[in-house]
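Below: the structure, in structure tokens.
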Amino acid sequence: QVHVVESGGGLVQAGGSLRLSCAASGRSSSSGVMGWFRQAPGKEREFVALIRWSGASTYYADSVKGRFTISGDNAKSTAYLQMNSLKPEDTAVYYCALRYIDIPSLLPFQYDHWGQGTQVTVSS
């Protein structure tokens, strides 16, 4: 059984940095996609970034491009999201998700396993 667990959220001032981690235990394949999504109060869950395990290609939402960096350690089934130059509008619960199919997707419903989320709060 696959379990996805995020960590690293917290409270930071605008302009600061945080690093989120996501560990996927029980993963049976070395391929697939790990994605980061976020959901602010009253808003829909939105795509943030993803990484393909095979080839390590990455994709970013326009709103975070140049500020956030996703990376991963396939052998450890762990992905990271380095968030720099944080803004108050980045405040949300951040979720990590695993997609078995090795095709990038920005759509939450196409992911197979989700973590419980970690709160990121950016104060102005």
Side-chain angles (χ1 to χ4, degrees):
Q1 188 174 1
V2 176
H3 291 281
V4 178
V5 179
E6 306 96 337
S7 60
L11 173 64
V12 64
Q13 289 187 333
S17 299
L18 281 175
R19 188 190 194 212
L20 306 183
S21 299
C22 171
S25 62
R27 182 171 154 242
S28 59
S29 171
S30 61
S31 63
V33 175
M34 290 287 278
W36 284 98
F37 294 79
R38 66 187 182 187
Q39 188 166 16
K43 295 188 177 181
E44 292 188 353
R45 193 167 298 188
E46 65 174 2
F47 167 77
V48 175
L50 65 82
I51 184 168
R52 289 180 66 206
W53 289 119
S54 58
S57 56
T58 58
Y59 296 81
Y60 297 92
D62 288 342
S63 58
V64 306
K65 204 171 291 184
R67 300 188 297 122
F68 291 10
T69 302
I70 189 171
S71 60
D73 185 334
N74 200 355
K76 296 181 179 179
S77 293
T78 301
Y80 307 95
L81 187 68
Q82 177 66 43
M83 305 185 295
N84 299 328
S85 302
L86 282 162
K87 305 175 181 179
E89 51 263 44
D90 293 319
T91 295
V93 177
Y94 282 70
Y95 297 91
C96 180
L98 172 66
R99 173 170 159 85
Y100 290 131
I101 297 175
D102 191 22
I103 299 173
S105 173
L106 311 187
L107 302 175
F109 74 88
Q110 293 188 334
Y111 285 74
D112 301 288
H113 297 282
W114 289 83
Q116 80 289 348
T118 185
Q119 177 70 47
V120 171
T121 303
V122 184
S123 63
S124 57

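Starting from 1, each residue takes its place in the sequence as its number. As the structure is a prediction and not an experimental result, all values here were calculated from the model.
- Side chain of R38 to backbone of E46: no donor-acceptor contact under 3.5 angstrom is found.
- With rounding to the nearest 0.5 Å, the separation of CD in Q116 from NE2 in H3 is 11.5 Å.
- Chaining together hydrophobic side chains whose heavy atoms lie under 4.5 Å apart places I101 alongside I103.
- In this structure, OH in Y80 is found 11.5 Å from SG in C96, a value given to the nearest 0.5 Å.
- Inter-residue side-chain proximity for L106 and L50 is flagged as met; some heavy-atom pair is nearer than 4.5 Å.
- In this structure, D90 does not pair ionically with K87, as no charged nitrogen and carboxylate oxygen lie closer than 4.0 Å.
- Residues Y111 and G35 come closest through the heavy atom pair CE2-N, 3.8 Å.
- For P88 against S124, the heavy-atom pair with the smallest separation is CG-CB, 3.8 Å.
- V2 belongs to a hydrophobic cluster with V4, V12, L18, L20, M34, W36, V48, I51, W53, Y60, V64, F68, I70, L81, M83, L86, Y94, L98, Y100, V120, V122, counting contacts under 4.5 Å between side-chain heavy atoms of Ile, Leu, Val, Met, Phe, Trp and Tyr, direct or through other members.
- Of all non-hydrogen atoms in P104 and R52, the two that sit nearest each other are CG-CD, 3.5 Å.
- A donor and an acceptor atom, one from each side chain of Q110 and S105, are located under 3.5 Å apart.
- Listed for the T118 side chain is a donor-acceptor partner under 3.5 Å among the backbone atoms of G9.
- Under the 3.5 Å distance criterion, the side-chain polar atoms of T91 are left unmatched by any main-chain donor or acceptor of E89.
- Counting Ile, Leu, Val, Met, Phe, Trp and Tyr side chains that sit under 4.5 Å apart, directly or through other members, F109 shares a hydrophobic cluster with L107.
- A distance of 12.0 Å separates CD of Q119 from CD of E6, quoted to the nearest 0.5 Å.
- Between Q82 atom CD and S21 atom OG the span is 9.5 Å, to the nearest 0.5 Å.
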Test log, rule side-chain hydrogen bond (donor to acceptor under 3.5 Å, both in side chains), inputs T78 and D73: CA-CA 5 Å; T78 301; D73 185 334; over 6 Å; no
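- The aromatic rings of W114 and F37 sit tilted relative to each other, their planes meeting at an angle between 30° and 60°.
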